[in-house]
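Worksheet for the structure shown next.
Every chain is numbered from 1 and lettered A, B, ... according to where its sequence line falls, protein lines coming before strand lines. Model, not experiment: these values are computed from the prediction.
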Protein chains: 2
Amino acid sequence: MATQKTTTPTDPLTLEVVDLIGTVVARYHEEYEEAAGEHSLTGAQARLLSLLSLEPLPMRRLAQKLKCEPSNVTGIVDRLEARGLVERRPNPKDRRVKLAAVTEEGRRLARGLRESLDFAREPLAGLSREERLALRGLLRRMLEG
Amino acid sequence: MATQKTTTPTDPLTLEVVDLIGTVVARYHEEYEEAAGEHSLTGAQARLLSLLSLEPLPMRRLAQKLKCEPSNVTGIVDRLEARGLVERRPNPKDRRVKLAAVTEEGRRLARGLRESLDFAREPLAGLSREERLALRGLLRRMLEG
DNA sequence: TATTGTTATACTCTATAACTATA
DNA sequence: TATAGTTATAGAGTATAACAATA
């Protein structure tokens, strides 16, 4: 039978698109680390700080969001706390829990970091509104899969 | 004057696209690490092995491609060599240089790894040929930027 | 008993600086 | 003297296992 197997496509066009996505991913990461470094943060610290700038979170919850073990979060928060960017607050409802929260200085740094992340917006500047709409639609369909 | 400033766009559509790209990047990385882990490789080891599966390279060249210091490459190659996946060959033309090259087993593992990376192709399976062409065009324009 | 966060341990990746062997 | 690769060192992220405090 000439039925299409259920494997993923391997035609040249698809492979080229895969390669382009790989390039986008590589560039995004490079520039993310670079932006973090400009604020003397590691990538992990920048990600954690960005998360906390939205809302305080229990240590456990942070580990889930960062997809790492809770024991790692202890160290990352330790280092950010030593710099006065983050603090640990007790949770009166459940005294086992510690809420990690950004300080004012941490909030400022997180804002600066977000502004450094122009790299993700900048490449889009060359696209028209119609093109951005098209890109949004394609990315959405990719992610729904 | 009502001239457009040279800043990057911050309209809701653009920010939404930026967010979608961030999601693609996050998912790509997660699944890359996962695929590497299935072959008992770290992300760095998988990247280095994939590079070498194309052609042997001097240690220095590897460092450039991986965007890290040459001293790090020593360790990564050490660990891959200990597993018999990579070997160091002398370069008769310049005896200072060592060429890192995949072994047969390394080549097999690299192939398996590439096949595990279906995640990058799979989301594209739902797109038509026209959509993939459109996506290719948009990504190209983003990267030329 | 189960859960939250921490500590202890070990491994990998990372950059920096000093070293060696070639060139 | 300059370059390629290594070693030594130190800091950071990672997972695992054992632990204290609390539920």
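Per the geometry, CD belonging to B/Gln45 stands 14 Å off P belonging to C/dC11, to the nearest Å. Nucleotide D/dG11 holds its C1' atom 8 Å from the CZ atom of A/Arg79, rounded to whole Å. Rounded to whole Å, atom C1' of D/dG13 lies 15 Å from atom OH of A/Tyr32. The CG atom of A/Leu80 sits 13 Å away from the C1' atom of D/dG13 (whole-angstrom rounding). At whole-Å resolution of the value, CD in A/Glu33 and C1' in D/dG11 are 15 Å apart. Remark: P of C/dG5 and CD of A/Gln64 are 10 Å apart, rounded to the nearest angstrom. Atom-to-atom, CG of A/Asp78 to C1' of D/dG11 comes out at 14 Å; the value is rounded to the nearest Å. For A/Asn72 and D/dA15, the CG to P distance is 5 Å, given to the nearest whole Å.
In the hydrophobic cluster analysis, where Ile, Leu, Val, Met, Phe, Trp and Tyr join through side-chain heavy atoms closer than 4.5 angstrom, B/Val97 is grouped apart from B/Leu48.
Side-chain nitrogen and oxygen atoms of A/Lys67 include none within less than 4.0 Å of the OP1 or OP2 phosphate oxygen of D/dT14. At D/dA23, none of the side-chain N or O atoms of A/Lys93 fall inside 4.0 Å of OP1 or OP2 (strictly under the cut-off). Within the 4.0 Å cut-off from OP1 or OP2 of C/dA23, at least one side-chain nitrogen or oxygen of B/Arg95 is found.
Among the nucleotides D/dA23, C/dA15, C/dT7, the one closest to any side-chain atom of A/Thr74 is C/dT7. Closest to the side chain of B/Pro70, out of C/dT14, C/dT16, D/dT6, is D/dT6.
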- [ ] Run the numbers on B/Arg107 and B/Glu104 for salt bridge (Lys or Arg N to Asp or Glu O under 4.0 Å), then give the verdict.
- [x] CA-CA 5 Å; B/Arg107 189 178 305 283; B/Glu104 244 332 292; 3.6 Å; yes
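Put simply, the residue from B/Leu135, B/Leu124, B/Leu20, B/Leu139 that forms a side chain to side chain contact (heavy atoms under 4.5 Å, CB included) with A/Leu138 is B/Leu135.
Side-chain atoms of A/Thr103 come within 3.5 Å of backbone N or O of A/Gly84 as a donor-acceptor pair. Between the side chain of B/Glu81 and the backbone N or O of B/Arg88 there is at least one donor-acceptor pair closer than 3.5 Å.
Counting atom types as modelled, B/Ser71 pairs a side-chain N or O with a base atom of C/dT16 as donor and acceptor under 3.5 Å. A donor-acceptor contact under 3.5 Å is not formed by the side chain of B/Arg96 with the base of D/dG5.
Residues B/Thr42 and A/Leu57 both approach DNA chain C. Their nearest nucleotides, taken by heavy-atom distance, put A/Leu57 toward the 5′ side. Residues B/Arg88 and A/Arg47 both approach DNA chain D. Their nearest nucleotides, taken by heavy-atom distance, put B/Arg88 toward the 5′ side. Both A/Pro92 and A/Ile76 sit near DNA chain D, but only A/Ile76 has its closest nucleotide nearer the 5' end.
A/Arg61 comes within 4.0 angstrom of no nucleic acid atom, judged by non-hydrogen atoms across all strands.
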